[in-house]
Amino acid sequence: MFTLRKATTADCALIHGLARQVFPETYKDILSAEQIDYMMKWMYAEENVRKQMEEEGHVYLLAYHGKEPAGYVSVQYEGKDLFHLQKIYVLPRFQGKHCGAFLFLQAVKYIKTIHPAPCRMELNVNRRNKALHFYEHIGMKKVREGDFPIGNGFYMNDYIMGIDIAAEP
């Protein structure tokens, strides 16, 4: 049902456009409009997406339904045997159609291709985000929580969730 391709810097505008559709919708009941605007610029301005790819080691994977973009995931190497799932978002019309699970599994598969030894993947999720149940359902566990300043007086109030990724046989 869904296909995948690895994004390149030529996809920065596409990722920005997808984020404009899904990010504000995801957080409208959790964050203020001012914080959403701030975070959109901080994380999703085209030049910041490019910087994430070129300088910070983020790898974006794009999910498609036919020829239509449906969502994206971003993974970053964080340290010895540790990866961070930075972003995973599905357009509203594809939510509930297993695109999120597809992207999550593709992120794990990607990590296994570049790091065949056992490792861990973690992610931050807002403590009030309904996606928390999705992450628990696919096997992630809460490992800690924190309130992280992101600038302009805003905070991310998150659980950090983790999952162990087994070595390839």
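Just so we're clear, the structure is a prediction, and the values are computed from it rather than from any experiment.
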**Request:** Could you walk me through whether Val59 and Ile114 pass the side chain to side chain contact (heavy atoms under 4.5 Å, CB included) test, one step at a time?
**Result:** CA-CA 12 Å; Val59 174; Ile114 63 168; over 6 Å; no
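- Contact annotation: the side chain of Phe2 never approaches that of Gln106 to less than 4.5 Å [non-hydrogen atoms, C-beta and beyond].
- The structure places CZ of Arg120 at 11.5 Å from CG of Asp81, a figure rounded to the nearest 0.5 Å.
- Taking hydrophobic clusters as Ile, Leu, Val, Met, Phe, Trp and Tyr residues chained together by side-chain heavy-atom distances below 4.5 Å, Ile163 does not share a cluster with Leu82.
- The main-chain N or O of Ile160 is never found under 3.5 Å from a side-chain atom of Asp158 such that the two would form a donor-acceptor pair.
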**Request:** Could you walk me through whether Ile88 and Tyr135 pass side chain to side chain contact (heavy atoms under 4.5 Å, CB included), step by step?
**Result:** CA-CA 11 Å; Ile88 182 170; Tyr135 296 122; 2.9 Å; yes
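- Atom NE2 of residue His65 and atom CG of residue Leu91 lie 12.0 Å apart, to the nearest 0.5 angstrom.
- Of the listed residues (Glu56, Gln86, Gln52), just one forms a side-chain hydrogen bond (donor to acceptor under 3.5 Å, both in side chains) with Gln76, and that residue is Gln86.
- Considering OG1 of Thr26 and NZ of Lys130, their distance stands at 7.5 Å, rounded to 0.5 Å.
- Rounded to the nearest 0.5 Å, atoms CZ (Phe83) and CD1 (Ile165) are 7.5 Å apart.
- In summary, the side chains of His16 and Asn48 do not present any donor paired with an acceptor at a separation below 3.5 Å, with no hydrogens or angles considered.
- Inter-residue side-chain proximity for Arg144 and Glu122 is flagged as met; some heavy-atom pair is nearer than 4.5 Å.
- Leu62 contributes atom CG, which lies 7.0 Å from atom CG of Leu18 (distance to the nearest 0.5 angstrom).
- The closest side-chain heavy-atom distance from Ile36 to Pro24 is below 4.5 Å.
- More than 12 heavy-atom neighbours from other residues, nucleotides or ligands sit within 6.0 angstrom of CZ on Arg5.
- Side-chain contact check for Met1 versus Phe102: every heavy-atom pair is 4.5 Å or farther apart.
- Inter-residue side-chain proximity for Lys142 and Leu132 is flagged as met; some heavy-atom pair is nearer than 4.5 Å.
- Between Val73 and Tyr110, the closest side-chain pair of non-hydrogen atoms is not below 4.5 Å.
- Looking at Val49 and Lys87, their side chains never come closer than 4.5 Å, going by heavy atoms from C-beta outward.
- Looking at Gln35, its side chain does come within 3.5 Å of a backbone N or O of Tyr155 through a donor-acceptor pair.
- Taking every heavy atom of both residues into account, Ala107 and Leu85 meet most closely at CB-CD1, 4.3 Å.
- The main-chain N or O of Phe23 is never found under 3.5 Å from a side-chain atom of Tyr44 such that the two would form a donor-acceptor pair.
- Taking the six-membered ring for Trp and thresholds of 30 and 60 degrees, Phe154 and Tyr38 have ring planes inclined between 30 and 60 degrees apart.
- No donor-acceptor distance shorter than 3.5 angstrom exists from the side chain of Tyr27 to the backbone of Asp29, with no hydrogens or angles considered.
- In plain terms, the two heavy atoms of Gln21 and Glu25 that are nearest each other are O-CB, 3.9 Å.
- Annotation for Val22 and Pro92: closest pair CG2-CD, 4.2 Å, computed over non-hydrogen atoms.
- The distance from the OG1 atom of Thr8 to the CZ atom of Arg50 is 8.5 Å, given to the nearest 0.5 Å.
- The shortest side-chain heavy-atom distance between Tyr72 and Asp11 does not fall under the 4.5 Å cut-off.
- Of all heavy-atom pairs spanning Pro69 and Phe94, the tightest one is O-CE1, 3.8 Å.
- Between Asp147 and Arg127, at least one side-chain nitrogen of the basic residue sits less than 4.0 Å from a carboxylate oxygen of the acidic one, meeting the salt-bridge criterion.
- Smallest separation of non-hydrogen atoms from Ala131 and Asn129: N-OD1, 2.8 Å.
- When all heavy atoms are compared, the tightest approach of Tyr89 to Leu103 is O-CD1, 4.0 Å.
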